[in-house]
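Some notes on the structure that comes next.
Below, each value reflects all heavy atoms present in this structure, side chains not excepted, and no hydrogens, waters or symmetry copies. Just so it is clear, the model here is predicted, and its values are computed rather than measured.
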Amino acid sequence: MGIVVGASATLTICDIAFGGEGVARVEDFVIFVPFVLVGESVEVEIIEVKKRFARARLLRVLQASPERVKAPCPYFGDCGGCQYQHIAYEAQLRLKHKQVCDLFERIGGFSASLVAPVLPCPAPYGYRNRIMIRSQWDKFKQGLNLGFIRADNRLVVDIEACQIAEPALNEQIQKVRANPPPKGGLKVVLRIPPEGWEVPPDSFFQNNFFLLPKLVEVVRECLNHAGTKCLADIYCGVGFFSIELADLVENFVGVEYDQMAIKAARRNAAARHAANGEFVAGKAEELLADVLKRFGERPATVLLDPPRKGCPPDMLELLRQVRPAQVIYVSCHPATMARDLNVLLKDGVFNLAGVVPLDMFPQTAHVECVADLRCQAAAPAPGAKLSLPI
């Protein structure tokens, strides 16, 4: 088969890569195809050819997987927001578990037995509490497109509603459409504020209220299992984890570079009567050592909830030097998490007790993970398992 741009091909999908694209092979050459499932026979058009791989556009499914379902969103396949609406939800959970296991084995050499089943979201649709609407001038229709970036290019898909957004956000979308920005190129962030929490407009908060209690439960279980009584909450944002964990520790310190978030964290702590800690503004890698010194000789847990890009190398090296009793790592990007854990576990400094994935982002290729690391000096016996909430 000649693999050139514009050529058609019939392929059998053998895997789904992290990120959502299906994998097909022609001898040793890989072709990536979106919106497919393992075992499907599909007809595609080659749209890009590189030295080691190609990408193709799905033309039609010749033999469908029994796990294929009809996507409820009319924009699915065009809009770049979702990758898995064509997959039955239980199959999405199994797929994400396999992808996390594969990443951890490939990047970190970690056993798949350390990865728990993916905890499902009780609301697979209508769960997002924050979205970003973009505006772009469409010269063909001579009007604005208001929506999300397309799956296949950087143009904007014009949308009336988003199936994975909470209903209140879809009401806000209609208001934006009724009063559009004056020109293209602008972004409009729509958000439902979390009840009882102060969150500045540009500060981070988890985007799924429905699975958030389970995320807190998992992190609390990790902390409780370690038995430490001092908590350093790094990248603490508006203080969510610090405050939710405050009753389990004697002292906590939250560190965050976002000055507005730190001010909000202090007010959130006061409103929730979490008086056994404090919040400090600054770079985490510059403040962590001093924060841990405040706890004296008492065993401490460091909770990391970094951006998608993960932790900077100097932060990881500092953790290897100061060796807290426990590190709880929360991440929405398993690949960067596996990379960072590989650094932390080098030379046996820490031991990986377990990883719990949570489906905070149904219908998409993203998945949240919580990893529990113990310093070898304070680690549980080899092979000890976490008591994981299910």
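Two residues are said to be in side-chain contact when any heavy atoms from C-beta on lie closer than 4.5 Å; Leu169 and Cys162 fail this criterion. With contacts defined as side-chain heavy-atom distances shorter than 4.5 Å, the pair Thr301/Cys230 does not qualify. In this structure, the side chains of Val61 and Arg68 come closer than 4.5 Å at one or more pairs of heavy atoms. Proximity of Ile133 to Ile131: side-chain heavy atoms (C-beta onward) are separated by under 4.5 Å at one or more points. Considering only heavy atoms from C-beta on, Val156 stays 4.5 Å or farther from Arg150 through its side chain. In this structure the side chain of Val199 reaches within 4.5 angstrom of the side chain of Arg191, judged on heavy atoms. Residues Phe295 and Val253 meet the side-chain proximity criterion, which asks for heavy atoms closer than 4.5 Å.
Put simply, the side chain of Glu256 never gets that close to the backbone of Ile234: no donor and acceptor are under 3.5 Å apart. The closest donor-acceptor contact from the side chain of Asn342 to the backbone of Ala338 lies at 3.5 Å or more, if one exists at all. Checked by atom type and distance alone, the side chain of Thr336 pairs as donor or acceptor with a backbone atom of Arg308 at under 3.5 Å. Proximity of a side-chain donor or acceptor of Ser242 to a complementary backbone N or O of Gly239 within less than 3.5 Å is not detected. Remark: the backbone N or O of Leu186 is paired with a side-chain donor or acceptor of Ser135 at under 3.5 angstrom. Side-chain atoms of Glu286 never come within 3.5 Å of backbone atoms of Lys283 as a donor-acceptor pair (strictly under, hydrogens ignored). With Asp258 contributing its side chain and Val238 its backbone, the two residues share no donor-acceptor pair below 3.5 Å. In terms of modelled atom types and a separation under 3.5 Å, the side chain of Arg374 and the main chain of Val327 share no donor-acceptor contact. At distances below 3.5 Å, not a single donor-acceptor pair connects side-chain atoms of His333 with backbone N or O atoms of Pro307. Remark: the backbone N or O of Gly77 is not paired with any side-chain donor or acceptor of Gln85 at under 3.5 angstrom.
Cluster membership for Ile149 and Leu144, using ILVMFWY side-chain heavy atoms within less than 4.5 angstrom, is not shared. In the hydrophobic cluster analysis, where Ile, Leu, Val, Met, Phe, Trp and Tyr join through side-chain heavy atoms closer than 4.5 angstrom, Leu11 is grouped together with Val38. Following chains of ILVMFWY side-chain contacts shorter than 4.5 Å, one cannot reach Leu155 starting from Val157, and the two form parts of different hydrophobic clusters. Hydrophobic clustering (ILVMFWY, side-chain heavy atoms < 4.5 Å, transitive): Phe32 and Ile13 are in distinct clusters. Cluster membership for Val218 and Val216, using ILVMFWY side-chain heavy atoms within less than 4.5 angstrom, is shared.
With values rounded to the nearest 0.5 angstrom, Gln174 atom CD is found 11.5 Å from Asn179 atom CG. Rounding to the nearest 0.5 Å places SG of Cys311 at 4.0 Å from OH of Tyr329. Here the CG atom belonging to Leu288 is positioned 10.5 Å from the CD atom belonging to Gln321, to the nearest 0.5 angstrom. Rounding to the nearest 0.5 Å places CG of Asn207 at 6.0 Å from CE of Met360. Glu217 contributes atom CD, which lies 8.5 Å from atom CG of Leu119 (distance to the nearest 0.5 angstrom). How far CZ of Arg57 is from CD1 of Ile47: 7.5 Å, rounded to the nearest 0.5 Å.
The closest side-chain donor-acceptor pair between His225 and Arg220, if any, does not fall under 3.5 angstrom. Under the 3.5 Å distance criterion, with hydrogens and angles disregarded, a donor-acceptor pair is assigned to the side chains of Asp359 and Tyr89. For the 3.5 Å distance criterion, the side chains of Ser41 and Gln63 fail to qualify, holding no donor opposite an acceptor. The closest side-chain donor-acceptor pair between Glu250 and Asn276, if any, does not fall under 3.5 angstrom. Between the side chains of Asn251 and Arg298, at least one donor N or O lies within less than 3.5 Å of an accepting N or O. Side-chain atoms of Tyr125 and Gln363 form a donor-acceptor pair, as typed in the model, at a separation below 3.5 Å.
Of all heavy-atom pairs between Ile243 and Ala269, the closest is CD1-N, 3.4 Å. When all heavy atoms of Phe76 and Ala71 are compared, the closest pair comes out as CD2-CB, 3.5 Å. Across all non-hydrogen atoms, the minimal contact from Val355 to Cys369 is CG1-CB, 4.2 Å.
Taking the six-membered ring for Trp, Phe252 and Phe279 have ring centres closer than 6.0 Å. Between Tyr84 and Phe35, the distance from one ring center to the other does not fall under 6.0 angstrom. The aromatic ring centroids of Phe29 and Phe53 lie 6.0 Å or more from each other.
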Stepwise salt bridge (Lys or Arg N to Asp or Glu O under 4.0 Å) check, Arg25 with Glu27: CA-CA 6 Å; Arg25 295 183 182 274; Glu27 297 179 349; over 6 Å; no
Test log, rule salt bridge (Lys or Arg N to Asp or Glu O under 4.0 Å), inputs Lys98 and Asp102: CA-CA 6 Å; Lys98 178 183 181 299; Asp102 289 349; 2.7 Å; yes
Evaluation steps, side chain to side chain contact (heavy atoms under 4.5 Å, CB included), between Leu358 and Val367: CA-CA 6 Å; Leu358 301 96; Val367 59; 6.0 Å; no
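For CG of Asp247, the number of neighbouring non-hydrogen atoms (other residues, nucleotides, ligands) closer than 6.0 Å is greater than 12. Other residues, nucleotides and ligands contribute more than 12 heavy atoms inside 6.0 Å of the CD atom of Glu43. More than 12 heavy atoms of other shown residues, nucleotides or ligands fall within 6.0 angstrom of atom CZ in Arg267. Atom NZ of Lys175 has 12 or fewer heavy atoms from other residues, nucleotides or ligands within 6.0 Å.
Of the candidates Arg94, His86, Gln92, Glu67 forms a side-chain hydrogen bond (donor to acceptor under 3.5 Å, both in side chains) with just one, namely Arg94.
Classification of the Phe361-His366 ring pair by plane angle, with boundaries at 30° and 60°, yields perpendicular.
Glu166 and Arg128 are not joined by a salt bridge, as no carboxylate oxygen comes within less than 4.0 angstrom of a charged side-chain nitrogen. With salt bridges taken as basic N to acidic carboxylate O contacts below 4.0 Å, none links Arg55 and Glu45.
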